[in-house]
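Since the structure comes first, as structure tokens, the remarks are kept for the end.
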Amino acid sequence: MTTVKSDLLHELKTRGYIHQCTDEAALDKLAQTETITGYIGFDCTAPSLHVGNLVSIMLLRKLQQTGHRPIVLIGGGTTKVGDPSGKDEARKLLDEAAIGANIAGIESVFSKFLSFGSGDRGSVMVNNADWLEELNYIDFLRNYGRHFSVNRMLTYDSVKLRLDREQSLSFIEFNYQVLQAYDFVELFRRQGCRLQMGGSDQWGNIVGGIELGRRTASAELFGLTTPLLTTSSGAKMGKTAAGAVWLNPDMLSPYDYWQFWRNAEDSDVTRFLKLFTELPLDEIAKLAALEGAEQNEAKKILATEATALVHGRDAADRAAETARTTFEQGQTSSNLPSIEVPRANLEKGLGVLTASVLAGFVKSTGEARRQVKGGGIKVNDATVTDERHALSPSDLTEEGVIKLSLGKKRHALIRPV
């Protein structure tokens, strides 16, 4: 590992955040002498960010914690184009109302990780629609488009992926990398921003921005990317059988979020502790040394610490306690995620397959049917053997709920209303 002297790069390197850096030595020197303004862009394609975005959010947090200034760039403009990076097909284009609703949903996450306000280190949130929607297209092509070689753009992974698979790449998507490069230049001019960060799939786009800044503004800009995050089994980070692991509590409960981290693969625990918690490295090393059943304690700590950053310490502790009473004491905890259903539906009979979809365990009744055949679904801790089983008022416990489970670790309470 190359020796670095700045607090910023030392923290990022020792915790495993860095995959590539355009000029590490120069950036390290700059971080020792100046307050660096750096940014990461987040397009508004969903009403919440998810665990796959978390390493980028943590990167901005580390930037601020080591004495620098983070910018959250909301892609109100670029969302209308669609980033082809890592995508097999074009994103569905969203209208103004959907983009606005998504922006409102994702903005709330950042206040949990960053300190916004005035001063040279106060985080800033900006929207690239502010400048992209004002562009005169012809002037833009003359002033900025001429600096991009189509030959080189065709070599970018985001483009090659589509072409190699003979899948359509629209002209509007092809423009995305030009607009992202322009974002970097615009942030340099407006905010003095000199560092763009992002996932490894953004490397080509980031380098494009650095070169555009050099050619059009004589700016010395820097880029830094994080490793592509997958689990040890090769699964994409933040994806489960039931869907994305959302950061907003109205889309995924703190308990289910806690369970996601608790279910981490053994070989991922140390890496995740470094990236997604703020435990000291010496404490992480002690947890990494645990073996066998003791490693479950490290997973519980990972789950609680990661949940505390997103949902707060109280919610994290409640989730941990709910898990303890549910699994270790065999109790039905009132803090389990609950799904309210009309009492009339229960009286008519609520199919266990439908209930499993409502609980978010599976995406379809077909998938629930397969879980029943495999013995994976339980009602009040009793295995369901008939896919036609229907929940009824007779299944209500003394607490007035029905406990629905998928496997040993996913539970929800059905509450009649």
> Can you name the side-chain hydrogen bond (donor to acceptor under 3.5 Å, both in side chains) partners of T230, sequence neighbours left out?
Replying inline: none
>> My understanding is that only residues two or more places apart in sequence, or in another chain, count here; which of them pass side-chain hydrogen bond (donor to acceptor under 3.5 Å, both in side chains) with R152?
In response: E211
Show every salt bridge (charged side-chain N to carboxylate O under 4.0 Å, His left out) that has at least one partner inside [range], sequence neighbours left out.
range	result
residues 249-266	D266-K299
residues 124-133	K80-E133
residues 101-118	none
residues 284-295	none

Distance-only criterion, 3.5 Å: show the donor-acceptor pairs between side-chain atoms of residues 25-35 and protein atoms not counting sequence neighbours.
from : atom 1 : to  : atom 2 : distance (Å)
D28  : OD1    : K5  : N      : 3.3
D28  : OD1    : S6  : N      : 2.8
D28  : OD1    : S6  : OG     : 2.6
D28  : OD2    : K5  : N      : 2.9
Q32  : NE2    : D28 : O      : 3.2
T33  : OG1    : K29 : O      : 3.3
T33  : OG1    : L30 : O      : 3.3

> Which residue pairs pass the ring-ring contact (aromatic ring centres under 6.0 Å, His included) test when at least one of the two sits in residues 276-296, sequence neighbours left out?
Replying inline: W261-F276, F272-F276
If I take atom [atom1] from residue [X] and atom [atom2] from residue [Y], how far apart are they, to the nearest 0.5 angstrom?
X	Y	atom1	atom2	answer
F361	L406	CZ	CG	6.0 Å
L49	F42	CG	CZ	6.5 Å
Q295	S267	CD	OG	8.5 Å

>> Can you tell whether the side chains of E220 and R194 come within less than 4.0 Å, N to carboxylate O?
In response: yes
>> Once salt bridge (charged side-chain N to carboxylate O under 4.0 Å, His left out) is applied, do any residues pair with R313, and if so which ones, sequence neighbours excluded?
In response: E305
Determine whether the side chains of [X] and [Y] contain a donor N or O and an acceptor N or O closer than 3.5 Å.
X	Y	result
Q202	Q196	no
Q180	N205	yes
S48	N248	yes

Please tabulate, one pair per line, all N/O donor-acceptor pairs under 3.5 Å involving side-chain atoms of residues 52-63, not counting sequence neighbours.
from : atom 1 : to   : atom 2 : distance (Å)
N53  : OD1    : H50  : N      : 2.9
R61  : NE     : E278 : OE2    : 2.6
R61  : NH1    : F113 : O      : 2.9
R61  : NH2    : E278 : OE1    : 3.0
K62  : NZ     : E11  : OE2    : 3.1

> With a 4.5 Å limit on heavy-atom distance, are the side chains of V51 and W246 in contact?
Replying inline: no
>> Test of understanding: with ring pair (Phe, Tyr, Trp, His ring centres under 6.0 Å), list the residues that count as partners of H311, not counting sequence neighbours.
In response: Y257
What side-chain donor-acceptor pairs closer than 3.5 Å can you find for residues 183-193, not counting sequence neighbours?
from : atom 1 : to   : atom 2 : distance (Å)
D183 : OD1    : W131 : NE1    : 2.8
D183 : OD2    : N128 : ND2    : 2.9
E186 : OE1    : Y182 : OH     : 2.9
E186 : OE2    : R190 : NE     : 2.8
E186 : OE2    : R190 : NH2    : 3.4
R189 : NH1    : Y144 : OH     : 2.7
Q191 : OE1    : R69  : NH2    : 2.6

